[in-house]
Amino acid sequence: MTKLPESPGLPESRQQPELPGIRTARRRYVTVCALLWLPPGLGMASMVLLFSERGMSLAAVAGLFAAHSLTVAALELPTGGLSDVLGRRPVLAMAGALNVVASTLVGLGTTAWVLTAGMVLMGAARALASGTAEAWYVDTVQAHSGPDAELRTGLARGGSATSAALAAGLLLGGALPWLLGAGPDLGARLSEATSGAVLPLSVPVLLGAAVRVVFVCYVLSVLREPPRPAATVRSVLRGVPVTVLGGLRLGGRDALVRRVLLTAAAVGSALAAIELLMPGRAAALTDATGSGAMAYAALSCAGFVCGGVGSHLAPLAARVAGTGERAVLVCLGACAGGVLLLGVTASTTHLLATALAVVGSACSTSASVRLPRTRTTCSTAASPARSAPPPCPSSPSPSNWSARSPV
């Protein structure tokens, strides 16, 4: 009897029945992604305004965010090896516990050193959690189906859960301070009852701490570690300087990698400035911090939508421009134009200037969301600990923009 050939266009996941263990791993991975990224969304709209309410100047707020970023950069590679030595579950739980302490310090802190400690701990937690959930999912699926297991579906759903959690948290975190300030002004009563320790702008950050407690409990009770080759702390730490030096050599020797690094640095700097300055401007336009947080949350969600539009228009831009290099230049030009619109309208609150500022923010976001998604960097940027990085998702996620926020 002649065996019919398999359809070449049918993915392997549909040709063979999916094992129940893979479905369970996918569901747990999606839940972990949602619980991991809901708290950052909750604090995204209010954190800059909260620091300002605590008496921090704009330069001091920038210093707090810089402390977070430097901590992540310093610990990204060294902490990556801990998940190979200790396991994915303990490292995720450790990251969640650090985030609980960090969010509590940021939400209740009133002095610069307490807020700095919170941001540093938040950076350490970000470094610990970076890629660990993905590594757990890859380990678990490959333990059930072998090294050639289909991973893209689960990773894509995790990315969708991340984006949805960020968007939902952003809207809720922006609405809470506004709701607490409306009507009977529960926010003022809360602040008075706690002697100023809890402000309306603190509530989203503290709610994020509560969600992170749920995250730690879920990780410890549900995630199971599949068997994995043993690794030692010495072998992991020995590979860190080699990886760093290799990356620096590659960036200096390879023109394409150098362009990607310089482009990502430029776009990241522009977006960091937007995230630092826009909440204050939104509060100035609405004459209140609560409504300013709500306005910034709505604008950021519009950025999510524009990022999705930019992702879908990227292939068209490449076809119209003729080459990928020209398409990148078009995106950079749109991003620079958006930032320029934000800059030239910063000194006025006229309706037309505000509309131009919104257009500028949308242009900068939609143009920049595609720039970091370069396939050549997906397999070369892995740390020594995550020795089996997952493949690049087939479609970009808006979370690549918002995930840079420290909260």
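The first residue in the sequence is number 1, and the count goes up from there.
Judged as a side-chain contact (heavy atoms from CB on, under 4.5 Å), and not counting sequence neighbours, the contacts of Leu199 are Leu50, Glu53, Arg54, Ser191, Ser202. For Ser103, the side chain to side chain donor-acceptor pair (under 3.5 Å) criterion is met by Arg212, not counting sequence neighbours. Not counting sequence neighbours, the partners of Val203 by the side-chain contact (heavy atoms from CB on, under 4.5 Å) test are Leu176, Leu180, Leu190, Val198. For Tyr137, the ring pair (Phe, Tyr, Trp, His ring centres under 6.0 Å) test picks out Tyr29, with sequence neighbours left out. For Leu49, the side-chain contact (heavy atoms from CB on, under 4.5 Å) partners two or more places apart in sequence, or in a different chain, are Leu201, Pro279, Ala283, Ala293. Shown here are the side-chain contact (heavy atoms from CB on, under 4.5 Å) partners of Ala60, two or more places apart in sequence or in another chain: Met56, Ser57.
Here the side chain of Thr140 pairs a donor or acceptor atom with the backbone of Trp136 at under 3.5 angstrom. Proximity of a side-chain donor or acceptor of Glu225 to a complementary backbone N or O of Arg88 within less than 3.5 Å is detected.
Closest approach of Ala95 to Leu128, counting heavy atoms only: CB-CB, 3.8 Å. Considering all non-hydrogen atoms of both residues, Leu42 and Val211 come closest at CD1-CG2, 4.3 Å. Scanning both residues, Leu36 and Ala129, for their nearest heavy atoms gives CD1-CB, 4.3 Å. Across Val257 and Asp254, no two heavy atoms sit closer than the pair N-OD1, 3.1 Å. Across every non-hydrogen atom of Pro177 and Gly173, the tightest pair is CD-O, 3.0 Å. Nearest heavy atom pair, residue Leu115 against residue Gly109, reads CD2-O, 3.7 Å.
The stretch residues 106-117 participates, sequence neighbours left out, in these side-chain hydrogen bond (donor to acceptor under 3.5 Å, both in side chains) pairs: Thr111-Trp113.
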Practice task
Run the numbers on Leu151 and Gln142 for side chain to side chain contact (heavy atoms under 4.5 Å, CB included), then give the verdict.
Solution key: CA-CA 9 Å; Leu151 300 171; Gln142 290 183 345; 4.2 Å; yes

Problem - Met47 and Glu275: CA distance, side-chain angles, deciding distance, side chain to side chain contact (heavy atoms under 4.5 Å, CB included) verdict - result: CA-CA 10 Å; Met47 181 165 285; Glu275 292 176 355; over 6 Å; no

Exercise for the section: Could you walk me through whether Leu172 and Leu207 pass side chain to side chain contact (heavy atoms under 4.5 Å, CB included), step by step? Expected result: CA-CA 10 Å; Leu172 179 59; Leu207 180 60; 4.2 Å; yes

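Residues Arg258 and Leu262 form a side-chain contact, since some pair of their non-hydrogen atoms from C-beta on lies under 4.5 Å apart. Looking at heavy atoms from C-beta onward, Val48 lies in side-chain contact with Phe65 at the 4.5 angstrom threshold. For the pair His68 and Val120, the minimum side-chain heavy-atom distance is 4.5 Å or more. Contact of the Leu58 side chain with the Leu277 side chain is registered, since non-hydrogen atoms from C-beta on lie closer than 4.5 Å. Counting heavy atoms from C-beta outward, Val32 and Phe215 have side chains that approach closer than 4.5 Å.
Remark: Thr104 OG1 to Leu206 CG distance equals 6.5 Å, nearest 0.5 Å. Expressed to the nearest 0.5 Å, how far CZ of Arg26 lies from OG1 of Thr31 amounts to 12.5 Å. A distance of 14.0 Å separates OG1 in Thr162 from CZ in Arg157, rounded to the nearest 0.5 Å. Asp139 contributes atom CG, which lies 15.5 Å from atom CZ of Arg224 (distance to the nearest 0.5 angstrom). One distance of note links CZ of Arg126 with CG of Leu98; it measures 13.0 Å at 0.5 Å rounding. In this structure, CG on Leu92 lies 9.5 Å from CG on Leu220, to the nearest 0.5 angstrom.
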